[in-house]
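Encoded as structure tokens, the structure appears first; notes follow it.
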There are 2 protein chains.
Amino acid sequence: MALRHAVLAALLDHELSGYQLAKAFDLGVANFWHALPQQLYAELAKLEKAGMIEGRDVVQDTRPTKRLFRVTDAGLAELERFTEAASKPSFLRDDLLVKIQAADHVDTGHLIEQLTERAAFAQAKLDLFGQLLLRMRGERDEEEFLLHGERIGPYLTCLGGITYEQGNRDWCRRTAEVLEQRQAARARS
Amino acid sequence: MALRHAVLAALLDHELSGYQLAKAFDLGVANFWHALPQQLYAELAKLEKAGMIEGRDVVQDTRPTKRLFRVTDAGLAELERFTEAASKPSFLRDDLLVKIQAADHVDTGHLIEQLTERAAFAQAKLDLFGQLLLRMRGERDEEEFLLHGERIGPYLTCLGGITYEQGNRDWCRRTAEVLEQRQAARARS
DNA sequence: CCACCATACTCAATAATCTGACTAATCAGA
DNA sequence: TCTGATTAGTCAGATTATTGAGTATGGTGG
């Protein structure tokens, strides 16, 4: 049941349409949750019926009419309840890790390729997140912003994303390096 | 469809029963995939029907009879196919991140509590993983083991788990610290 | 001796997520 | 001018994952 809360949390900052929300929850960006458009539209409908968000139609002359949503008091109360409850631990579920687990029984070339790719992807997200941080804190330095900024939630989750992607990148590079060295050693013998 | 491959990868090292597998895929331990017992029993049944694993009953005098499974050649071929295919990126889906995203609209005390808890959990996993590494490489030092060890897949995923949990722990601590400082600053004003 | 935990599983039902296709309009580039 | 990308959604269906309960036996702590 956390998708609904993720949607509520995303709508705290700005009014958003389903489409904009879908962009935010997409692969490249999602720094605190991931979901597909279909899920989001369904969840928005449910949340509106439950009175936790309110939508208003915005007619655009050049683009299709969109529906912007904002969180209601009931929605905020729901988020509050959610926050009080214990968090369920987050678990790993990663194709690439499964492949590495099987590394000794499986073609090394493909593994190295995919590790390199993943490392590059992580680096790209790091660059993006870095820019995002700058945009959020503006002129202020990080220490100052975190102490006195008015809205630090997204900044903190972005920092989380950075920590995660750094770990990801470094592990991928290290692992690729190990596999390459073994390949080279095997080739020499 | 990666659960089946995770099961295959887990069975590469040792013959395991569904119950043992369930232990390994449990929260506390799972360092490359997570799943519940029911899923695993179901997957084992499917894999056996598909000829990718073979089970044999082991009668025990003091415990219920168990069924141990090992990977067949067909299973290995399936893993090989899986490895060749591109990995789907892994995404974040974490209750705690959602709560932090909403940090400015929600009770800070609960957040700090949950961050501290999560940090302690991450540290516990780090200790566990550290011991696991030692047990896997035995007397050898890491560099040597990674270059010449015969089975390094599980070692590499364990290193992945360590990187992940370190990031997790550090971010939780940092975030809790920030929230505490803000709480203190607000109390003074 | 009795409650509880560990081993070793099974079954059913619901909830969450993903795959894939479809509508319909505008805009930018070759 | 035709193609493809972008905006803004909707629908059906399949697959995965979670929740909750139940079976049966043996060992352990109080």
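Protein chains get the first letters and strands the later ones, always in sequence-line order, with residue 1 at the start of each. Computed over heavy atoms, backbone and side chain alike; hydrogens, waters and symmetry mates excluded.
Here the side chain of A:Arg67 is nearest to one of D:dG9, D:dT16, C:dA16, namely D:dG9. With D:dG9, D:dT18, C:dT17 as the candidates, the nucleotide lying closest to the side chain of A:Trp33 is C:dT17. Listed nucleotides D:dG9, D:dT18, C:dT17 differ in distance to A:Gln39; the shortest reach to its side chain belongs to C:dT17. The A:His34 side chain lies nearest to C:dC18 when the options are D:dT25, C:dC18, D:dT16.
C:dC22 atom C1' lies 14 Å from atom OH of A:Tyr41, rounded to whole Å. Atom CG of B:Asp95 and atom C1' of C:dA16 are 13 Å apart (whole Å). Here the C1' atom of nucleotide D:dT10 and the NZ atom of A:Lys66 are 19 Å apart, to the nearest Å. B:Leu27 has its CG atom 14 Å from the C1' atom of D:dA17, to the nearest Å. Put simply, CD on A:Glu43 is 9 Å from P on C:dT17, counting in whole angstrom units. What separates CZ of B:Phe25 from P of C:dA8 is a distance of 17 Å, to the nearest Å. Atom CZ in B:Arg63 sits about 15 Å away from atom P in C:dC5, given to the nearest Å. Rounded to an integer number of Å, the gap from CG of A:Asp26 to P of C:dT17 is 16 Å.
Judged by atom type and distance alone, A:Gln38 does not reach the base of D:dG9 through any side-chain donor-acceptor pair under 3.5 Å.
Using the six-membered ring where Trp is involved, A:Tyr164 and B:Tyr164 have ring planes that are perpendicular, over 60° apart on the 30 and 60° scheme.
Residue B:Thr62 places none of its side-chain N or O atoms closer than 4.0 Å to OP1 or OP2 of D:dT25. When the side-chain nitrogen and oxygen atoms of B:Lys23 are compared with OP1 and OP2 of C:dT7, one or more of them lie within a distance under 4.0 Å. Under 4.0 angstrom from either OP1 or OP2 of D:dT7 there lies at least one side-chain N or O belonging to A:Tyr19. Residue B:Arg93 has no polar side-chain atom (N or O) positioned under 4.0 Å from OP1 or OP2 of D:dT16.
Residues B:His34 and B:Phe25 keep their aromatic ring centres 6.0 Å or farther apart.
For the pair A:Lys66 and A:Tyr19, the cation-pi criterion (under 6.0 Å, within 45° of the ring axis) is not fulfilled.
The nearest heavy atom of DNA chain C to A:Leu3 and to A:Pro64 marks one nucleotide each, and the one closer to the 5' end goes with A:Leu3. Between A:Met1 and B:Lys88, the residue whose closest nucleotide on DNA chain C is further toward the 5' end is A:Met1.
Residues B:Gln166 and B:Lys125 are not in side-chain contact: their nearest non-hydrogen atoms beyond the backbone lie 4.5 Å or more apart.
Among the protein residues, B:Arg4 comes within range of no part of the nucleic acid, since none of its heavy atoms lies under 4.0 Å from any strand.
Contact check on B:Glu84 versus A:Lys99 returns no salt bridge, with no Lys/Arg side-chain nitrogen under 4.0 Å from an Asp/Glu carboxylate oxygen.
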